[in-house]
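Right, one structure below, let's go through it.
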Protein chains: 2
Amino acid sequence: MTTRRTGLREQKKQATREALRAAALRLALERGPENVRVDDIAEAAGVSPRTYNNYFSSREQAIVAAVTGEREARVAEAVADRSADDGLAEAVIEAIVDQYTATGGPGRDALLLITTRPALRDTFVDAAAAVENPLADAIAERLGDTDPNTARVLAASVAAAVRVALEQWLGTTTEASTAGGLVVPSGSLPDLLRAALAPLTPALDAAERRAREGNARIRTAPPGR
Amino acid sequence: MTTRRTGLREQKKQATREALRAAALRLALERGPENVRVDDIAEAAGVSPRTYNNYFSSREQAIVAAVTGEREARVAEAVADRSADDGLAEAVIEAIVDQYTATGGPGRDALLLITTRPALRDTFVDAAAAVENPLADAIAERLGDTDPNTARVLAASVAAAVRVALEQWLGTTTEASTAGGLVVPSGSLPDLLRAALAPLTPALDAAERRAREGNARIRTAPPGR
DNA sequence: GAAGAAAAGTGCGTGCACGCAAGTTTGCGT
DNA sequence: ACGCAAACTTGCGTGCACGCACTTTTCTTC
C-alpha cells in the first residue's frame, strides 16, 4: 500500500525516468546543453525519442530534474515530521531551507551549468513550483480538515516565495537589478530563503491558530456564547 | 514621460498587438481554437507569421490576451488609488475582485470558449501571474522603501492565491475533485477570490504595520533605546 | 496458465517556437 | 535635409512537443 500501484510497472517506469535524467545530465555536461538534442538523450537512455517526452515536456526539464531530484516530496515529508514540536511557520521554513541546502552532494558542477544557461535557470526556478501539491497536503493535514483551500493558498504562497528567493539568488531580477539602487548581489541561499519566507510567517501562524481554535471548538466544547 | 518611449514606434506596436489579439479571438470564435493555425492569425492581422510570435509565445496567449486585456496594470493602479484610505489587505483584495468582476463587457462567449478548452484554461490561469510585477511595485510604494523583497513576496503570494481561486473556479483541481469528498462545485468568482486571499490578510497587514513602524522610527524620532 | 484488459513504448505526421541574418522603417543628431 | 543608428519586421532553417494509431509488455481473472 506504500506507493506502488502494481509493482513491476512502476519500477520500470522509475528506472527509465532515472536513465533519462542521468543521460540528459551527462550529455549536457559533456557537450554543453546547446549541443544535446532530444534524440541523443533518448538514444543514450535506450528509449525512443517519442518516449522521452512522455516523461519530460521540455529538454531542460530532464537536465534540471537530474539535480532537483525528488526534493518536493522530501520537503513535504520534512514538514510532516517536524509538525508535532514547533510552529507551522518554523516547520515549513526549516524544512525548505534544509532541503535546499542539501542540494550539494551529487552535482556541484551541474549546478554551475544550470545557473549559467538562461534556459536552464528558468526551468530550475520553475521547478520550485512542484512543492505546492505535496506541501499543500502536508499543511492541510497539520491544519486539520478545516478548509483545505487555506492550505493550498499557503502552500502556493510558500512556493512563490521560494521562487522569488531563487530568482534573487540567480540575479534574475528581470531588469530591476540596475534600476532602484543597491541590491544585495547574491547572499547565501539559506539567508535568501529565510528572508523571502519571513513575510509569510504571520499568515502561516494565523492559519494555525484559527485551525486550533476551530478544532478545539469542535472537539472539546461548543462555543461560549 | 507617461509611457511612450519614442512615440510613433510604440503606437504602431500596440496597434499590431491589438490587431493580433482581435484576429486571434475572432478566428477562434468562428472556427474553434483547434482549427486556427498561427499563419491564419498572422494573415488576418496583416503581419508575417514570424512577427506573430515576436508578440506572443504561444498560440493560446493571443486568444487569452484578447480577453484579459491589460488587467494586470489596472489592478496595480487600483491598489495605488485605494492606498490612502484603508488597510493594505483590503485595498489589494478589493482591487483584484473589482478587476476580475469587470471582465464581462466585451466577451461573454469568449469566456465560455476559454473555460471550455483545457489549453486555453491553463494559459488563462497562468495569465494571472502577470499581476506580480505591477502589484509588487504598487505594494512596494505603499510600504515605503523598506525592503522591496517583502513587496515582491507578497505580490507573488497574491498572484498565487488568485491562481488557486481561478483553478477552483474552473474545476481544475488536478484530479483532487473526486478524491477527498464534498468540494463546492464552483461558487461565484468574487467569493472564491476573497476566500483565497483571506489567508494572506495577516501577512499583508503585518508587513504594513512593520513598514509604518520602520518609517515612523526614521521620519519622526530616533528609537527610544 | 491462458485469455483479455490495461498500460507503457513506438513511429509518424503536423504545427510551432525560436535563433539567425538579412531587409525595412523610425527617430535623432547635426 | 540628410544620413546614421536603433528598433521592428521578415524569411528561412532547425528541433521539438504532441496527437494518433499501433505494437509490445505487464497485470488480472478465471
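Note on naming: letters A, B, ... go to the chains in the order of the sequence lines (proteins, then strands), and numbering restarts at 1 for each one.
Classification of Arg37(B) and Glu43(B) as a salt-bridged pair fails, no side-chain N sitting under 4.0 Å from a carboxylate O. Ion pairing between Glu18(A) and Lys13(A) fails under the 4.0 Å rule for side-chain N and carboxylate O. Between Glu70(A) and Arg17(A) there is no salt bridge, since none of the side-chain N atoms of the basic residue sits less than 4.0 Å from a carboxylate O of the acidic one. By the 4.0 Å N-to-carboxylate-O rule, Asp137(A) lies too far from Arg142(A) to be salt-bridged with it. Look at Arg74(A) and Glu77(A) and you find no salt bridge, because none of the NZ, NE, NH1 or NH2 atoms lies under 4.0 Å from a carboxylate O.
For dA8(C), the OP1/OP2 oxygens have no side-chain nitrogen or oxygen of Lys12(A) closer than 4.0 Å. Under 4.0 angstrom from either OP1 or OP2 of dC8(D) there lies no side-chain N or O belonging to Tyr55(B). For Thr16(A) and dG9(C), the shortest distance from a side-chain N or O to OP1 or OP2 is below 4.0 Å.
For residues 111-129 of chain B, the set of pairs meeting the side chain to side chain donor-acceptor pair (under 3.5 Å) definition, not counting sequence neighbours, is empty. Applying the side chain to side chain donor-acceptor pair (under 3.5 Å) test to pairs two or more places apart or on separate chains, those with a residue in residues 26-36 of chain B are Arg26(B)-Glu30(B), Arg31(B)-Asp40(B).
Counting to the nearest Å, the P atom of dC20(C) and the CG atom of Asn53(B) are 15 Å from each other. Atom-to-atom, CD of Glu10(B) to P of dA6(D) comes out at 18 Å; the value is rounded to the nearest Å. The distance from atom OH of Tyr52(A) to atom P of dC18(D) is 11 Å, rounded to the nearest whole Å. Computed from coordinates, the Gln11(A) CD to dA7(C) P distance equals 18 Å when rounded to whole Å. Rounded to whole angstrom, the span from the CZ atom of Arg9(A) across to the C1' atom of dT25(D) amounts to 7 Å. Atom CD of Gln61(A) is separated from atom P of dC16(D) by 14 Å (rounded to the nearest Å). Nucleotide dT24(C) holds its P atom 17 Å from the CG atom of Asn54(B), rounded to whole Å. To the nearest angstrom, P of dT10(C) lies 14 Å from NZ of Lys13(A).
Taking the C1' atoms of five terminal pairs at each end of the helix from dG1(C)-dC30(D) to dT30(C)-dA1(D), the two resulting helix axes are inclined by 30°, rounded to 10°.
Asn133(B) and Arg152(B) share a donor-acceptor pair across their side chains, judged by distance under 3.5 Å alone. Side chains of Asn54(A) and Thr51(A): a donor-acceptor N/O pair is absent below 3.5 angstrom, by distance only.
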Between protein and nucleic acid, restricted to nucleotides 11-15 of chain C and to nitrogen or oxygen atoms under 3.5 Å apart, what atom pairs and distances do you find?
from, atom 1, to, atom 2, distance (Å)
dG11(C), O6, Arg50(A), NE, 3.3

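A heavy atom closer than 4.0 Å to some atom of DNA chain C occurs in no member of residues 22-29 of chain B.
Side chain of Thr16(A) to backbone of Lys12(A): a donor-acceptor contact under 3.5 angstrom is found.
Within the nucleic acid shown, Ser57(B) comes within 4.0 Å of sugar-phosphate atoms alone, with no base atom in reach, counting heavy atoms only.
For the atom pair CG of Leu166(A) and CG of Leu193(A), the computed distance is 6.5 Å after rounding to the nearest 0.5 Å.
The salt bridge (Lys or Arg N to Asp or Glu O under 4.0 Å) check on Glu94(B) picks up Arg194(B), with sequence neighbours excluded.
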